[in-house]
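Below is one structure, written out as structure tokens; the observations come after it.
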Amino acid sequence: MRIGTGYDVHRLISGRKLVLGGVMIPFEKGLLGHSDADVLLHAVCDALLGAAGLGDIGQHFPDTDPEFKDIHSIRLLARTYKMVRARGFSIINGDITVFAEAPKLSPYKEEMKKNIAQTLETDPDCINIKATTTEGLGMIGKGEGIGAMCVVLIH
Ligand code: MG
């Protein structure tokens, strides 16, 4: 068994769609990035890559590569998992925390879990998603960005 962690933050700006966990969420702002900037899925990718000893997301999907411009991060997750599988690993479980002042994420958690579980060929019960605010403190508290961290166990 091996464990990995992932952490990511993206800036929130006007004029972008908000995508978290592969779910389009109605909100006045979206995350800025080369891909769809799905910060939650990026944290999951990095946790998987870390657990498998495969480096990090920036190394495999550089934000200078036009191939990944505006790509749905669920595709990055699928490609990540393919690399993890090629090393002979599969996932046991993943635990994700999203840091966001707004919007409320509880209505979308089940769909996010389903998206991730499907991509990682596992049961939604093996994926846990938590959301928290930072009590108005710092860049996330001021609504300037959204962060996410993830821990995965693979075998
Ligand atoms: Mg990212």
Side-chain angles (χ1 to χ4, degrees), residues 3-52 54-84 91 93-122 124 126-152:
I3 194 166
T5 71
Y7 174 74
D8 197 18
V9 175
H10 279 260
R11 184 186 293 273
L12 265 176
I13 61 157
S14 301
R16 289 269 301 184
K17 288 182 174 122
L18 179 62
V19 184
L20 288 173
V23 180
M24 189 98 73
I25 296 172
F27 192 54
E28 66 212 31
K29 290 179 175 178
L31 294 170
L32 178 63
H34 184 65
S35 64
D36 65 0
D38 189 329
V39 67
L40 189 162
L41 294 187
H42 292 183
V44 178
C45 286
D46 256 350
L48 284 165
L49 292 169
L54 286 166
D56 66 32
I57 190 171
Q59 184 185 325
H60 295 284
F61 313 113
D63 64 6
T64 47
D65 189 334
E67 188 191 347
F68 307 121
K69 178 93 183 96
D70 296 324
I71 194 170
H72 294 299
S73 295
I74 202 83
R75 289 182 54 205
L76 300 182
L77 183 63
R79 286 174 63 158
T80 298
Y81 198 57
K82 212 171 153 186
M83 288 187 264
V84 170
I91 188 164
N93 75 304
D95 187 23
I96 301 151
T97 305
V98 181
F99 303 88
E101 206 59 30
K104 281 267 168 275
L105 299 182
S106 43
Y108 310 104
K109 279 186 193 166
E110 285 308 310
E111 199 181 340
M112 292 174 184
K113 279 170 62 169
K114 216 177 74 188
N115 288 343
I116 296 164
Q118 211 164 46
T119 308
L120 302 183
E121 300 168 337
T122 188
C126 299
I127 306 297
N128 191 72
I129 299 177
K130 309 185 294 291
T132 185
T133 69
T134 61
E135 302 275 336
L137 295 169
M139 58 168 180
I140 288 168
K142 290 185 179 73
E144 294 171 356
I146 291 179
M149 55 187 281
C150 175
V151 177
V152 298

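Positions are given from 1, in the same order as the sequence printed here.
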Can you see which heavy atom on [X] is nearest to which on [Y], and at what distance?
X: Val39; Y: Asp8; value: CG2-O, 3.3 Å
X: Ile140; Y: Gly147; value: CD1-N, 3.8 Å
X: Ile146; Y: Ala100; value: CG1-CB, 3.9 Å
X: Pro103; Y: Ile25; value: CG-CG2, 3.9 Å
X: Ile57; Y: Leu49; value: N-CD1, 3.5 Å
X: Thr134; Y: Glu101; value: N-OE1, 3.5 Å

So, taking the atom named [atom1] in [X] and the one named [atom2] in [Y], what distance separates them when rounded to the nearest 0.5 Å?
X: Asp63; Y: Phe68; atom1: CG; atom2: CZ; answer: 10.5 Å
X: Ser35; Y: Asp70; atom1: OG; atom2: CG; answer: 8.0 Å
X: Asp56; Y: Thr80; atom1: CG; atom2: OG1; answer: 10.5 Å
X: Phe61; Y: Cys45; atom1: CZ; atom2: SG; answer: 6.0 Å
X: Leu12; Y: Glu28; atom1: CG; atom2: CD; answer: 8.5 Å
X: Leu40; Y: Lys109; atom1: CG; atom2: NZ; answer: 11.0 Å

Side chain to side chain contact (heavy atoms under 4.5 Å, CB included) assessment of Ile116 paired with Ile129:
CA-CA 10 Å; Ile116 296 164; Ile129 299 177; 4.2 Å; yes
Do [X] and [Y] have side-chain heavy atoms sitting under 4.5 Å apart?
X: Val151; Y: Asn93; result: no
X: Ile74; Y: Leu41; result: yes
X: Leu48; Y: Asp46; result: no
X: Ile71; Y: Asp36; result: no
X: Glu144; Y: Arg11; result: no
X: Asn128; Y: Ile96; result: no

Do Asp38 side-chain atoms and Gly22 backbone N/O form a donor-acceptor pair below 3.5 Å?
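Indeed, once roles are kept as given, a pair shorter than 3.5 Å links the two residues.
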Take a 6.0 Å sphere around [atom1] of [X] and say whether it holds more than 12 heavy atoms from other residues, nucleotides or ligands.
X: Arg16; atom1: CZ; value: yes
X: Lys69; atom1: NZ; value: yes
X: Gln59; atom1: CD; value: yes

Go through it in stages, so that I can follow the logic: the residues are Thr132 and Thr97, the test is side chain to side chain contact (heavy atoms under 4.5 Å, CB included), and I'd like the CA-CA distance, side-chain angles, deciding distance and then a yes or no.
CA-CA 7 Å; Thr132 185; Thr97 305; 4.0 Å; yes
With sequence neighbours left out, write down each residue that passes ring pair (Phe, Tyr, Trp, His ring centres under 6.0 Å) with Phe99, or none if nothing qualifies.
none
Sequence-distant partners of Tyr108, ring pair (Phe, Tyr, Trp, His ring centres under 6.0 Å), two or more places apart
none
Test Arg75 against Thr119 for side chain to side chain contact (heavy atoms under 4.5 Å, CB included), laying out the working first.
CA-CA 9 Å; Arg75 289 182 54 205; Thr119 308; over 6 Å; no
Evaluate the side chain to side chain contact (heavy atoms under 4.5 Å, CB included) criterion for residues Met149 and Thr5: first the C-alpha distance (whole Å), next the side-chain angles of each, then the deciding distance (0.1 Å), finally the verdict.
CA-CA 7 Å; Met149 55 187 281; Thr5 71; over 6 Å; no
Set of residues satisfying salt bridge (Lys or Arg N to Asp or Glu O under 4.0 Å) with respect to [X], sequence neighbours excluded:
X: Glu121; result: Arg85
X: Lys142; result: none
X: Arg79; result: Glu67

Using the ring-ring contact (aromatic ring centres under 6.0 Å, His included) rule, collect all pairs that involve residues 19-49, keeping only residues at least two apart or in two chains.
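Checked against ring-ring contact (aromatic ring centres under 6.0 Å, His included) - neighbours excluded - the pairs reaching residues 19-49 are His10-His42.
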